[in-house]
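All residue numbers refer to positions in the sequence shown, counting from 1. The structure displayed is predicted, hence computed values, not measured ones.
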Amino acid sequence: MSAPTYTRPPRSTRGGVDIRLPWWALALPVLAFVALLLLILNPADAQAAAEQPAISHLLERLEQLTAR
């Protein structure tokens, strides 16, 4: 019994790679970078957020987990 053989399609002869990224693949890292940069430039906002009870508890728990 013979099995069918598959041949590879011929390779393209173009000189470059044609990969297209979606718009969010660039937008999300840029947005994260800008948000972190704003926190560095204005740490008073981060301090005000830490004064809220839920955020404070979350930050304490995160600190405990990273200390292990």
Side-chain angles (χ1 to χ4, degrees):
M1 179 185 292
S2 63
T5 59
Y6 298 102
T7 58
R8 292 184 181 173
R11 293 185 179 209
S12 64
T13 57
R14 288 189 286 164
V17 177
D18 187 25
I19 296 176
R20 295 192 145 198
L21 294 175
W23 63 270
W24 51 265
L26 182 63
L28 290 179
V30 169
L31 182 64
F33 177 78
V34 169
L36 291 173
L37 184 63
L38 289 175
L39 283 175
I40 290 171
L41 292 178
N42 194 4
D45 291 341
Q47 182 66 27
E51 293 173 358
Q52 297 175 359
I55 301 287
S56 176
H57 179 68
L58 179 66
L59 290 175
E60 287 175 11
R61 182 71 177 145
L62 184 63
E63 182 180 335
Q64 290 173 356
L65 289 174
T66 56
R68 291 183 183 181

| query | Are Leu28 and Trp23 connected, step by step, through hydrophobic side chains (Ile, Leu, Val, Met, Phe, Trp, Tyr) whose heavy atoms are closer than 4.5 Å? | reply | yes

| task | Hey, could you give me the CG/CG distance between Leu36 and Leu31, rounded to the nearest 0.5 Å? | result | 9.5 Å

| query | Rounded to the nearest 0.5 Å, how far apart are CG of Leu65 and CD of Glu60? | reply | 12.0 Å

| query | Are Leu38 and Val30 in one and the same hydrophobic cluster, where Ile, Leu, Val, Met, Phe, Trp and Tyr link if side-chain heavy atoms are under 4.5 Å apart? | reply | yes

| field | More than 12 heavy atoms from other groups under 6.0 Å of CD on Glu63 | value | no

